[in-house]
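Right, one structure below, let's go through it.
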Amino acid sequence: MLNDLLARNVAWSQQRHAEEPDYFTRLAALQAPEFFWIGCSDSRVPANVVAGLDPGEVFVHRNVANIVHSSDMNLLSALEFAVDALHVREIIVCGHYGCGGVKAATEDLPHGLADHWLEPIRRLARAYAVDLGREPDLERQRDRLAELNVVEGVRRVCETPILQRAWRRGADVRVHGLIYGLKDGRLRDLDCSIGPGHFQAAQSTQEAAQ
C-alpha cells in the first residue's frame, strides 16, 4: 500500500513538472498564502481540494471537529505564525455537515480522550438546546450544531491575544465561518465574519446606549 502511495507521488510530481517546469522551484522559494484554514481532520474535507486552491495558497490547521480551544498550543502556534509571519489576510474556520466529531459529542457513549476534546461542543448543545430542539430530526440537529461550532470558533479566534494584537497594530485580517456539505461539495458562508474594529464598534455602541 505504501509503495502505491509513493508511485502516485512520483506520477503527480512528474505531471506537475511537465505542466509547469518551475512549479516546485517557485514553491520552495517562498510561502505566502493569503488564507489560514482551521478545519476538521475528516479525510473528506481537505482544504486545498474543497476550496480549489493549489499548494502554497492556504496554510492549514486541522483537528477533530475543527474546535478552537483557547488552550490548544498547536492551533495557537499555527495561528500566530499565520498572522505574524505569513501575514495572511483571511482566516477561515470551516466545519462540515455529517461531522463525526459532532455526532460523537451528542452520543451517550464513551469515546476515550475524544470526550475531553469534544466538551466545547457539548456545552454548545446544552446552551442551544431549545433552538436545536426545533430541528426536524437528529441529523438536522447535528448539522445545526456543526454550524454553531463554527460560529463559536470564529468568535474564539477573534478573542485570542494574537488577533487582538494584530488588529491593534493595524493588520487587515478578517475571520470567516464556512460550512462544507459532504453531499454536494459546496462551501456555505455562515455570515459571521469579523474584521478589524469589530469589537471597538460593539463597545462604542454599548457605551452610547448607556
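Counting begins at 1 with the first residue of the sequence. Note that this is a predicted model, so its numbers are computed, not measured. Just so it is clear, the values below take in all heavy atoms, side chains as well, and ignore hydrogens, waters and symmetry mates.
By the neighbour-count criterion of 12 heavy atoms within 6.0 Å, atom CZ of Arg188 is densely surrounded, having more than that number from other residues, nucleotides or ligands. For Arg126, the CZ atom is densely surrounded, since the number of other residues' heavy atoms within 6.0 Å is greater than 12. Heavy-atom contacts from other residues, nucleotides or ligands closer than 6.0 Å to NE2 of His111 number more than 12.
Side chain of Asp143 to backbone of Gly98: a donor-acceptor contact under 3.5 angstrom is found. In this structure, Asn48 contributes its side chain and Asp54 its backbone to a donor-acceptor pair below 3.5 Å.
One hydrophobic cluster, built from ILVMFWY side chains closer than 4.5 Å, holds both Leu79 and Val173.
For the residue pair Tyr97 / Glu139, no side-chain donor-acceptor distance below 3.5 Å is found, with atom types taken as modelled.
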Tell me, with the steps shown, if Val93 and His176 meet side chain to side chain contact (heavy atoms under 4.5 Å, CB included). CA-CA 6 Å; Val93 179; His176 312 277; over 6 Å; no
Side chain to side chain contact (heavy atoms under 4.5 Å, CB included), that's the test. Do Phe59 and Phe81 meet it? Break it down for me. CA-CA 10 Å; Phe59 190 63; Phe81 185 75; 3.6 Å; yes
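Ion pairing of Arg62 with Asp42 is absent here, as no side-chain N (NZ or NE/NH1/NH2) approaches a carboxylate O to less than 4.0 Å. Salt bridge status for Arg144 with Asp131: absent, with no side-chain N to carboxylate O gap under 4.0 Å.
In this structure, the ring of Tyr180 has its center no less than 6.0 angstrom from the ring center of Trp37. In summary, the aromatic rings of His69 and Trp117 are positioned with their centroids under 6.0 Å apart.
With sequence neighbours excluded, the residues satisfying side chain to side chain contact (heavy atoms under 4.5 Å, CB included) with Arg169 are Val83, Asp84, Arg165, Ala166.
Here the shortest heavy-atom pairing between Leu86 and Gln31 reads CD2-O, 3.6 Å.
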